[in-house]
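Here is the structure we will look at, set down as structure tokens.
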Amino acid sequence: PDLPDLVVVGSGFFGLTIAERCAADLGLRVLVLERRYHLGGNAYSEFDPETGIEVHKYGTHLFHTSNERVWEYVNRFTSFTNYQHRVFGRYQGQVYSLPMNLALINTFFGKSHTPDEARALIAEQASEIDTRDATNLEEKAISLIGRPLYEAFIKGYTAKQWQTDPTELSADIITRLPVRYNFDNRYFNDTYEGLPVDGYTAWLERMADHPNIEVRVDTDFFDVADDYKGKVPIVYTGPVDEYFDNCEGRLSWRTVDLVQETLDVDDYQGTGVVNANDAEVPFTRELEFKHLHPERAASYKPGRTVVVREFSRFAEEGDEPYYPINTAEDRAKLLKYRDLANKEPMVLFGGRLGTYKYLDMHMAIAAALSMYDNKLKPHFAEGAELK
Ligand code: FDA
């Protein structure tokens, strides 16, 4: 058969960035294999036909970066709105402004504090435990922010995220718990932030829209691997353990069940994301997608809104892997898989699944651009060995 110059496994941001650079910059013919029915990986979104609301199929995706090169690159394919992400948290019938800041402290303790007063209060409450003596996540958190804030804003949420009591979680999971002693409640601190004006899928499709790129959806690489392995260079962005038949055991992940509902109200919660901090509430947060794009208000069906509740749990075989758990055992397995990956001829491993790392979109794109600069371009343009 007519072989392409390069096969890319997976059409998420990592795979599409590789495909786009190799096709547009080097004129290579790139075949992208995608096992889902659509391109785009986890950033993919669909417009709900009934309400006109863009729904992020695999959890909310907020774009932000301070990387100039990534910002310049992504703006070739989409423009961005001026959306700024803010998150709120509900606890015992009250709503608080997150991340932890002076507004939250004042509401929670029922009194106005100056920044210095608030700092002194939290330092006093945190003095209960010395950080160096903390033996688990609960003690570490108390040593950083004190028991009252820990019990309200960390304990229940963390227990639900991990399906584990925080006293049984490692203290290493958190290094810092920043508290802002001002009213700044912007969630991200990056130079650039916004959402793609006509949606994620339009952006992802424009990356793939090149005569030298073919995206084949509904195609699992493992069903066609014999056609390409050892014959053409491959960039593989699927799960690294799966590539090697889980020979060192499976890497562990958390997944999220996203339960979607269309409600008969125009506005359900007044904002995009509200965390559920109470331990008794089974979900971790509620997303109301219309608030991510207030500029589209005129195109939404009045009196209806789409809400998604997130339920976090350990991923079983067949679940979508979302967040690496990264236990000591996982790290030991990962080292072995990395060795195998380095020895695999003509295959480069990348992306969040291929490297078993949580990557934000801008990080996945930046990592793909470096793989292109440091490995693919030297190979295809100068004949350097691919490794
Ligand atoms: P990604 O997972 O997107 O793509 C990999 C693709 O490979 C998938 O489409 C998969 O189907 C395919 N594949 C795997 N095995 C295959 C095989 N054998 N054959 C063919 N295809 C195969 N980032 C951010 O910047 N802001 C945010 O708000 C969020 N929010 C967020 C929420 C949740 C719940 C998650 C899990 C992640 C985020 N992210 C995020 C991160 C973002 O999703 C991530 O950066 C990108 O998905 C990374 O792109 P990749 O291409 O690496 O993987």
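We count residues from 1, following the sequence as given. Note that ligands are numbered from 1 as they come in the structure, with each ligand's atoms numbered from 1 the same way. Because only heavy atoms are used, hydrogens play no part in the values below, and waters and symmetry mates are left out as well, while side chains stay in.
- For a threshold of 3.5 Å applied to N or O pairs, the pair formed by Ala43 and ligand 1 contains no separation below that value.
- Annotation for ligand 1: atoms under 4.0 Å from non-hydrogen atoms of Gly238 are 14 (C), 15 (N).
- For Ser11, no nitrogen or oxygen atom sits less than 3.5 Å from a nitrogen or oxygen atom of ligand 1, counting backbone and side chain alike.
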Pairs of donor and acceptor atoms involving the side chains of residues 12-33, under 3.5 Å and at least two apart or interchain, shall be tabulated with distances.
| from | atom 1 | to | atom 2 | distance (Å) |
| --- | --- | --- | --- | --- |
| Thr17 | OG1 | Phe13 | O | 2.6 |
| Glu20 | OE1 | Tyr73 | OH | 2.7 |
| Asp25 | OD2 | Tyr372 | OH | 2.6 |
| Arg29 | NH2 | Leu3 | O | 2.9 |

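- Within the 4.0 Å heavy-atom criterion, neither part of Val256 lies near ligand 1.
- Annotation for ligand 1: atoms under 4.0 Å from non-hydrogen atoms of Gly351 are 52 (O).
- Arg309 is not listed as a side-chain neighbour of Gln260, based on a closest heavy-atom distance of 4.5 Å or more.
- Checked against a 3.5 angstrom limit, the closest N/O atoms of His64 and ligand 1 fall outside it.
- The shortest separation from a heavy atom of Tyr44 to ligand 1 is not under 4.0 Å, leaving the residue out of contact.
- Looking at ligand 1, you won't find any N or O of His362 less than 3.5 Å from one of its N or O atoms.
- By the 6.0 Å and 45° rule, Lys229 stacks over the aromatic ring of Tyr243.
- For the ligand labelled ligand 1, residue Pro239 lies inside the 4.0 Å heavy-atom shell.
- In the vicinity of Phe221, heavy-atom distances shorter than 4.0 Å reach the ligand 1 atoms 17 (C), 18 (N), 19 (N), 20 (C).
- Residue-to-ligand polar distances place Leu359 within reach of ligand 1: an N/O pair is separated by less than 3.5 Å.
- The single protein non-hydrogen atom nearest to atom 18 (N) of ligand 1 is Asp220 OD1, 3.1 Å, given as residue, atom name and distance.
- Taking a 4.0 Å cut-off on heavy atoms, Tyr323 registers as neighbouring ligand 1.
- Contacts of Leu33 with ligand 1, taken as heavy-atom pairs under 4.0 Å, involve the backbone alone.
- Neither the backbone nor the side chain of Phe63 comes within 4.0 Å of ligand 1, counting heavy atoms alone.
- Only the backbone of Thr219 comes within contact range of ligand 1, with a heavy atom under 4.0 Å; no side-chain atom does.
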